[in-house]
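A quick write-up on the structure given underneath.
Position 1 is the first residue of the sequence; numbering continues from there.
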Amino acid sequence: YLYIGDIGDNLGQYSEVTVYRLPEPRIDPASPFDPKTIGPADTIRLTYPDGPRDAETLLVDPLTRDIYILSKRDLFSKVYRAAYPQSTTQATRMERVATLSWGFAVAGDVSPDGSRVIVRGMFNAAIWDRPAGKPLWQAFSGKQVRLPLLHEPQGEAICFDARGAGYFTIGEQEFPPLHYFPPAEPNRPKK
């Protein structure tokens with residue numbers, strides 16, 4: 001599935017946010033840029049337990065399909081979870097499950113095998129290992145490993161590569177460069 005989050009709320013005023021979920025289209029490697037028809041999308045409406053929040057980080061746990069949103073405009077970003085299955089007929093109240101030791105989270109990703117999570121702040125990035133057999137949010141109570149970043153004007157994106165080993169970053173400018181950080185200590189793939 002593709003998950004598209006309408007979760008930004010610069011002024012912290014919306015009573016709910018929306019995530020759209022739709023089947024991911026099949027891509028023909030011979031013509032990857034051909035137009036695709038997608039949809040229809042499921043609409044998942046979410047509310048925060050402690051009032052509206054601005055957010056840019058949407059994560060989906062590939063093992064449980066729980067949806068996570070990390071707040072942006074907090075000194076310490078808060079982690080909210082909407083457990084699967086999420087309702088498509090009424091708003092789901094998320095639960096606050098963790099708090100980062102830093103704030104202004106702007107992007108994140110979960111490794112394809114669900115074993116690690118990576119989050120980027122406005123000025124930093126970190127990676128956590130998920131404890132075996134535990135919910136994804138418990139990774140945030142474990143040891144975080146700071147990751148290198150290059151200077152990017154309004155750098156606000158990060159994701160794992162297809163193997164969940166290295167990671168990509170990109171900024172928000174016209175024709176920005178895409179940076180790749182290959183696997184290395186401490187972000188090497190697990191054996």
Side-chain angles (χ1 to χ4, degrees), residues 1-25 27 36-74 76-100 102-112 114 116-122 124-128 130 135-137 139-140 152 154-162 164 167-173 176 178:
Y1 287 90
L2 293 177
Y3 290 78
I4 303 167
D6 184 4
I7 61 174
D9 185 4
N10 287 344
L11 301 178
Q13 62 188 359
Y14 302 132
S15 61
E16 62 185 38
V17 295
T18 305
V19 174
Y20 301 97
R21 177 182 60 208
L22 58 150
E24 187 169 0
I27 305 297
K36 304 285 181 242
T37 301
I38 58 174
D42 294 324
T43 301
I44 301 168
R45 296 177 6 251
L46 303 170
T47 63
Y48 295 95
D50 46 5
R53 293 275 181 265
D54 185 26
E56 294 182 2
T57 307
L58 174 70
L59 307 171
V60 178
D61 183 341
L63 303 181
T64 65
R65 294 188 257 177
D66 293 348
I67 294 173
Y68 290 88
I69 296 177
L70 280 65
S71 67
K72 178 181 178 185
R73 295 181 194 279
D74 290 313
F76 302 103
S77 290
K78 296 169 180 63
V79 180
Y80 298 90
R81 178 181 76 124
Y84 182 83
Q86 299 88 18
S87 175
T88 58
T89 59
Q90 60 188 22
T92 297
R93 183 182 172 106
M94 293 182 287
E95 62 178 321
R96 190 168 118 189
V97 293
T99 304
L100 299 186
W102 44 270
F104 297 94
V106 294
D109 195 17
V110 181
S111 62
R116 300 184 308 155
V117 61
I118 190 170
V119 177
R120 180 177 185 161
M122 292 178 73
N124 62 313
I127 191 168
W128 293 261
R130 177 190 202 148
L136 182 69
W137 63 266
F140 296 116
E152 296 168 317
Q154 206 168 351
E156 295 190 357
I158 195 165
C159 70
F160 284 106
D161 65 19
Y167 59 98
F168 294 93
T169 67
I170 195 167
E172 293 183 8
Q173 65 191 48
L178 177 65

*Please work out whether the ring planes of Phe140 and Trp128 are parallel, tilted or perpendicular, with thresholds of 30° and 60°.*
perpendicular
_Spacing of Tyr80 atom OH and Tyr48 atom OH [to the nearest 0.5 Å]_ = 7.0 Å
*Are any of the side-chain heavy atoms of Pro49 and Glu95 separated by less than 4.5 Å?*
no
*Working to the nearest 0.5 Å, report the span between CG of Leu59 and CD1 of Ile69.*
9.5 Å
*Starting from the C-alpha separation in whole Å, work towards a yes-or-no answer on side-chain hydrogen bond (donor to acceptor under 3.5 Å, both in side chains) for Tyr1 and Arg65.*
CA-CA 10 Å; Tyr1 287 90; Arg65 294 188 257 177; 5.7 Å; no
*Side-chain contact, heavy-atom cut-off 4.5 Å: Phe168 with Cys159?*
yes
*Residue pair Thr64 / Pro135, side-chain heavy-atom distance below 4.5 Å*: no
*Work out which heavy atom in Ser15 is nearest to a heavy atom in Thr47; give both atom names and the distance.*
O-CG2, 3.4 Å
*asked:* Run the side-chain contact (heavy atoms from CB on, under 4.5 Å) test on Val19 and Leu46 for me, step by step, so that the C-alpha distance in whole Å, both residues' side-chain angles and the decisive distance to 0.1 Å come before the verdict.
replied: CA-CA 8 Å; Val19 174; Leu46 303 170; 3.9 Å; yes
_I'd like to know if the side chain of Asp66 and the backbone of Tyr84 have a donor-acceptor N/O pair within less than 3.5 Å._
yes
*Search all heavy atoms of Pro52 against all heavy atoms of Gly12 and return the closest pair with its distance.*
CB-O, 3.3 Å
_Asp50 with Lys78: basic N within carboxylate O range, under 4.0 Å_ = no
*Spacing of OG1 belonging to Thr92 relative to CD1 belonging to Ile67, to within rounding of 0.5 Å*: 8.0 Å
*Does any non-hydrogen side-chain atom of Asp42 lie less than 4.5 Å from one of Gln86?*
no
_Checking Asp74 against Arg53 for the side-chain contact (heavy atoms from CB on, under 4.5 Å) test, could you report, in this order, the C-alpha distance in whole Å, the side-chain angles of both residues, the deciding distance, and whether it holds?_
CA-CA 9 Å; Asp74 290 313; Arg53 293 275 181 265; 3.7 Å; yes
*If every non-hydrogen atom of Trp102 is compared with every non-hydrogen atom of Ala126, which pair is closest and at what distance?*
CZ2-CB, 4.1 Å
*Provide the closest heavy-atom pair for Pro25 versus Leu2 in the form atom of the first, atom of the second, distance.*
CD-CD1, 3.9 Å
*So does Tyr3 have more than 12 non-hydrogen atoms from other groups sitting under 6.0 Å from OH?*
yes
_Keeping Asp9 on the side-chain end and Asp54 on the backbone end, is there a donor-acceptor pair under 3.5 Å?_
no
*Please say which of Lys72, Arg120, Arg73 ends up in a side-chain hydrogen bond (donor to acceptor under 3.5 Å, both in side chains) with Glu56.*
Lys72
*At their closest point, which heavy atom of Val119 faces which heavy atom of Leu100, and how far apart are they?*
CG1-CD1, 4.2 Å
*Using modelled atom types only, decide if a donor and an acceptor are shared between the side chain of Ser77 and the backbone of Ser71 within a distance under 3.5 Å.*
yes
*Closest heavy-atom contact between Gly155 and Val106?*
O-CG2, 4.2 Å
*Distance from Arg96 atom CZ to Arg81 atom CZ, nearest 0.5 Å?*
15.0 Å
*Rounded to the nearest 0.5 Å, how far does CG of Leu22 lie from CD1 of Ile4?*
5.0 Å
*Rounded to the nearest 0.5 Å, what's the gap from CD1 on Ile118 to CD1 on Ile127? Could you check?*
5.0 Å
*asked:* In the structure I gave you, are the side-chain heavy atoms of Thr43 and Thr18 within less than 4.5 Å of one another anywhere?
replied: yes
